[in-house]
Amino acid sequence: MKAVSDTLRKLEASGNLRTLPASGGEGVIDLSSNDYLGLAADRSLRREFLETLTEDSFLPTSSASRLLAGSQEAYAGLENFLAGLYGAPALLFNSGYHANTGMVAALGGKDTLFVADKLVHASIIDGLTLSGSEFRRFRHNDMAHLEKILTDCGSRYGRVVIIAESVYSMDGDRADIDALVRAKRLHSNVLLYVDEAHAVGVLGEQGLGLAAHNHGVDILVGTLGKALASAGAYAVMNDTLRRFMVNRCRSLIFSTALPPVQAAWTEFVMRRAVLMDDRRRRLADIAGRIGEALGKEPSHIMPFIVGDAARTVELSRQLLSDGVKVLPIRTPTVPPGTERLRISLSAALTDAETDKAIAAFKGLLV
């Protein structure tokens, strides 16, 4: 236990000790949630969904893994709906973390090389570690560096997997999907894996993300617990890859499945979210206003770089005292020296709340 206590003391001394945050309280503007479309607090949606439920359809537990669960209708219904939207088979997972760790690990082996963007999510890094495969990192969004790694190393492996995100969770910037596809097509043994966790619901036609209709993307991962106000994740891929994952993806095989009612809620929300272009436009307008005020590139995710963990915590507390909740992001989530406040926007923000947030942020710049 001494080693554990020592670790906690070191974290506290460096300003990196984490605690579970309380809710912001009444009247506080929450700019830390990933509720990009503002659906999580939409009571009318919940009421409408509850009216569809019966004693038979309200199933709050699956009681088994997906391969053993007795009831499959809600999962199959959601996957079929997703397949219709994307034009390719879909597979449901318990979370984005489960999807990435499980599928990346399943694709691994001694004859596989992974080449991942330097800023991919921790779930992907954990999948790379579990895979037992060799992996390289290319500089963030640097296509020349990616192509050099592929040229120098790719021919030595039976399979190479490029991994990137379409929107990066800590910076809000975007990958060039077309450039990634071009890099992939330079070599016959390359697959392209794109995580769209922070794009789904927000960007692209019907809010399906930036890679939805790009046939050069082999595996597309979308999350359900952010803009879509539910839980879980999904992956879109060809039938061969889907069957492979059902047989080799340990996070799918050995996890109790999501409650069927959760899958039913997800399909209910998604059928409406694909039509919510008005909310997507509203979110873009809010991002434009805040981006202009802070001199930043507009995005539904904007970093306010501080560069020091203790100072970042202090500024977060200052904002909360002004009625704006923006939590500090510190090492190891971001590299040392890039500690930040991560501004996460929602289409549910009113003009008055947006003005209040802008004034609070400008107060930090004084």
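All values derive from a computational prediction rather than experimental measurement. FYI, the numbering just counts along the sequence from 1.
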Checklist outcome for this item: So the salt bridge (charged side-chain N to carboxylate O under 4.0 Å, His left out) pairs with at least one residue in residues 250-277 (sequence neighbours excluded) are E48-R272, E267-R271, D277-R280
Checklist entry - So which residues get pulled into L59's cluster when ILVMFWY side chains under 4.5 Å apart are joined, directly or through others? => result none
Checklist entry - Do the side chains of H187 and T151 get nearer than 4.5 Å, heavy atoms only? => result yes
Item to check | Qualifying side-chain hydrogen bond (donor to acceptor under 3.5 Å, both in side chains) pairs with a residue from residues 283-310, counting only residues at least two apart or across chains | outcome: R289-D355
Next on the checklist: For residues 73-92, which residue pairs pass the side-chain hydrogen bond (donor to acceptor under 3.5 Å, both in side chains) check, not counting sequence neighbours?
Outcome noted: R66-E79, S71-E73, E79-R242, Y86-Y234
Donor-acceptor side-chain pairing of [X] and [Y] below 3.5 angstrom:
X	Y	result
D171	H140	no
N34	Y36	yes
N141	D176	no

Checklist outcome for this item: The ring pair (Phe, Tyr, Trp, His ring centres under 6.0 Å) partners of F244 (sequence neighbours excluded) come to none
Item to check | Counterpart residues, salt bridge (Lys or Arg N to Asp or Glu O under 4.0 Å), relative to D278 (two or more places apart) | outcome: none
Next on the checklist: So, applying side-chain contact (heavy atoms from CB on, under 4.5 Å) with M103, which one of I219, L241, I124 is it?
Outcome noted: I219
Next on the checklist: Can you confirm whether more than 12 heavy atoms, excluding those of R248, are under 6.0 Å from its CZ atom?
Outcome noted: no
